[in-house]
Amino acid sequence: MSTELPDPSKIKLITTDLDGTLINPQGDISQNTRTIIKKVLKKYPDLHFVIATGRARPATADVREKLGITERPNTESLLLNGCIIYDYKGNIIWQNTLPTEFVLQFHNLLKNYPKEDYFYSSEDDAIMFNEEWARRSRENYHENTIVVDKEEHIKKVASGETKINKLCFIVTDSEDNKKIKEQLIEMSKPYNLEYAYSTSFFLEFMPPQTNKGTGLTHLIQSLNISKDEVLAFGDAGNDVDLLKNAGWPVAMANGTKELKAVSRIETKSNEEDGVAYLLEKIFL
């Protein structure tokens, strides 16, 4: 792990994961982190500050407001683990969707296990089939949850009326769940789908060659920014590709071993405002 820090004048884009990285264990962004980020962005008005998360756009609105970037240019977003890229106004720059055939196969497999939980992401909407998960997602993550009938929903997917960017299978310790997880991973292989754990219990499937890292590459190419001009922060498995595609990859102290293996710098934990700590050292 290097102790070298980048020259602030040569960094054109900062990108950070939210949960476990920018957001503390209490589910909030500390006042210190808010203050530091606002100071950095005021001092460097041309610097891009990009949120990269598995969340959908409605679930990032509160974060953007707390950081004072709701109306700030150069604050794009890589959402749904890179399935959609938004500009700062909320316009879609690029997106990708799962193959309809895979979603239908997934649905048919899960029909045999009515107790198992999962949900779909379709642009701003988290499409769910369980009122309790919908309530948790609204309260904890501010997701725009829609509870629908499974069979009615799959008809819309089959007809092409509804496109799915990402699907999430809820992982538990039951034997059925373990068996389904293995089947889903095998089922995804012919489609070359990406999959990652955004938390220990969220197994998420994305379209081929679609993850936070590919999303970052799409974005920086459109902005004419090189990999070496990117500083990226993450903590979990779904951040590995993000860090691999940044010249200055930073792992949180609370990050996974897999993530730390691809990082260039390690900062303090999210409980200790690790993102703010390193940004202050580099930019202020």
Side-chain angles (χ1 to χ4, degrees), residues 8 11-82 84-93 121 123-126 135-145 198-199 202 212 215-216 219 230-236 238-239 242 250-255 267-284:
I11 296 296
K12 293 184 178 178
L13 186 147
I14 299 166
T15 181
T16 180
D17 169 55
L18 292 183
D19 300 291
T21 303
L22 192 68
I23 292 175
N24 62 28
Q26 291 72 46
D28 201 0
I29 300 174
S30 74
Q31 195 58 54
N32 176 56
T33 295
R34 299 181 203 188
T35 300
I36 296 298
I37 289 174
K38 287 175 183 177
K39 284 182 178 178
V40 169
L41 297 182
K42 185 176 181 180
K43 184 177 179 181
Y44 297 87
D46 295 328
L47 187 63
H48 289 259
F49 186 84
V50 178
I51 289 170
T53 178
R55 298 185 185 199
R57 193 167 61 100
T60 65
D62 183 55
V63 172
R64 294 179 66 83
E65 186 177 339
K66 287 174 180 176
L67 297 178
I69 61 172
T70 303
E71 300 295 330
R72 183 189 186 273
N74 300 335
T75 54
E76 299 82 4
S77 300
L78 304 175
L79 304 186
L80 301 179
N81 284 338
I84 308 183
I85 305 173
Y86 291 93
D87 67 14
Y88 81 98
K89 292 181 179 178
N91 300 311
I92 294 176
I93 298 172
S121 296
E123 294 191 3
D124 283 355
D125 298 331
R135 182 189 64 77
R136 286 193 214 175
S137 295
R138 280 194 301 271
E139 292 179 0
N140 297 335
Y141 301 106
H142 309 288
E143 291 280 6
N144 184 40
T145 57
S198 58
T199 70
F202 281 171
K212 290 184 183 183
L216 176 61
L219 179 60
V230 176
L231 179 69
F233 294 86
D235 75 299
N238 65 335
D239 298 319
L242 182 73
V250 183
M252 308 299 290
N254 54 288
T267 188
K268 294 181 178 182
S269 71
N270 64 326
E271 188 167 15
E272 300 171 291
D273 295 351
V275 173
Y277 169 77
L278 195 67
L279 292 181
E280 186 173 26
K281 284 186 73 172
I282 296 170
F283 294 99
L284 298 179

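Heads up: numbering here begins at 1 and tracks the sequence.
- Of all the heavy atoms in N81 and G54, the pair that sits closest is OD1-CA, 3.3 Å.
- You'll find the side chain of L219 stays beyond 4.5 Å of the side chain of T15, heavy atoms only.
- Taking 4.5 Å as the limit, every side-chain heavy atom of F202 sits out of range of all side-chain heavy atoms of N238.
- A 4.5 Å side-chain heavy-atom check between L22 and I29 finds at least one atom pair inside the cut-off.
- No hydrogens or angles considered: nothing links the side chains of R55 and T60 as a donor-acceptor pair under 3.5 Å.
- D273 contributes no side-chain N or O that, together with a main-chain N or O of Y277, makes up a donor-acceptor pair within less than 3.5 Å.
- Within the 3.5 Å criterion, the main-chain N or O of E271 finds no donor-acceptor partner in the side chain of N254.
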Please table the atom pairs, donor to acceptor, closer than 3.5 Å between any side-chain atom in residues 36-51 and protein atoms at least two apart or in another chain.
| residue | atom | partner | partner atom | Å |
| --- | --- | --- | --- | --- |
| K43 | NZ | F283 | O | 2.9 |
| H48 | ND1 | E76 | OE1 | 3.1 |
| H48 | ND1 | E76 | OE2 | 3.2 |

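- Atoms OG and CG, from S121 and N144 in turn, are 11.0 Å apart once rounded to the nearest 0.5 Å.
- Within 6.0 Å of CD in E71 there are 12 or fewer heavy atoms belonging to other residues, nucleotides or ligands.
- Taking CG from N74 and NZ from K12, the interatomic distance works out to 11.5 Å, rounded to the nearest 0.5 Å.
- For E139, the salt bridge (charged side-chain N to carboxylate O under 4.0 Å, His left out) criterion is met by R135, not counting sequence neighbours.
- In this structure, Y141 OH and L18 CG are separated by 11.0 Å, a value rounded to the nearest 0.5 Å.
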*Going through the checks in order, is the side-chain contact (heavy atoms from CB on, under 4.5 Å) test met by K66 and D28?*
CA-CA 10 Å; K66 287 174 180 176; D28 201 0; 2.7 Å; yes
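- Every residue two or more places apart in sequence or in another chain that forms a side chain to side chain donor-acceptor pair (under 3.5 Å) with D124 is listed here: R57, Y86.
- Look at K212 and D239 and you find a salt bridge, because one of the NZ, NE, NH1 or NH2 atoms lies within 4.0 Å of a carboxylate O, short of that distance.
- Across every non-hydrogen atom of S269 and M252, the tightest pair is C-CE, 3.8 Å.
- For the atom pair CG of L67 and OG1 of T75, the computed distance is 10.0 Å after rounding to the nearest 0.5 Å.
- The two atoms that bring L216 and L242 nearest to each other are CD2-O, 3.8 Å, heavy atoms only.
- Of all heavy-atom pairs spanning L80 and E123, the tightest one is CD1-O, 3.8 Å.
- Taking OG1 from T53 and CG from L78, the interatomic distance works out to 10.0 Å, rounded to the nearest 0.5 Å.
- Scanning both residues, A276 and N32, for their nearest heavy atoms gives CB-ND2, 4.1 Å.
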- request: Please report the C-alpha distance between N270 and I23 in whole Å, then the side-chain angles of each, then the deciding distance to 0.1 Å, and finally whether the side-chain contact (heavy atoms from CB on, under 4.5 Å) criterion is met.
  value: CA-CA 7 Å; N270 64 326; I23 292 175; 6.0 Å; no
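- Note: H142 NE2 to D62 CG = 4.5 Å, rounded to the nearest 0.5 Å.
- For the pair D17 and D19, the tightest heavy-atom approach, listed with the atom from each and the gap, is OD2-O, 2.8 Å.
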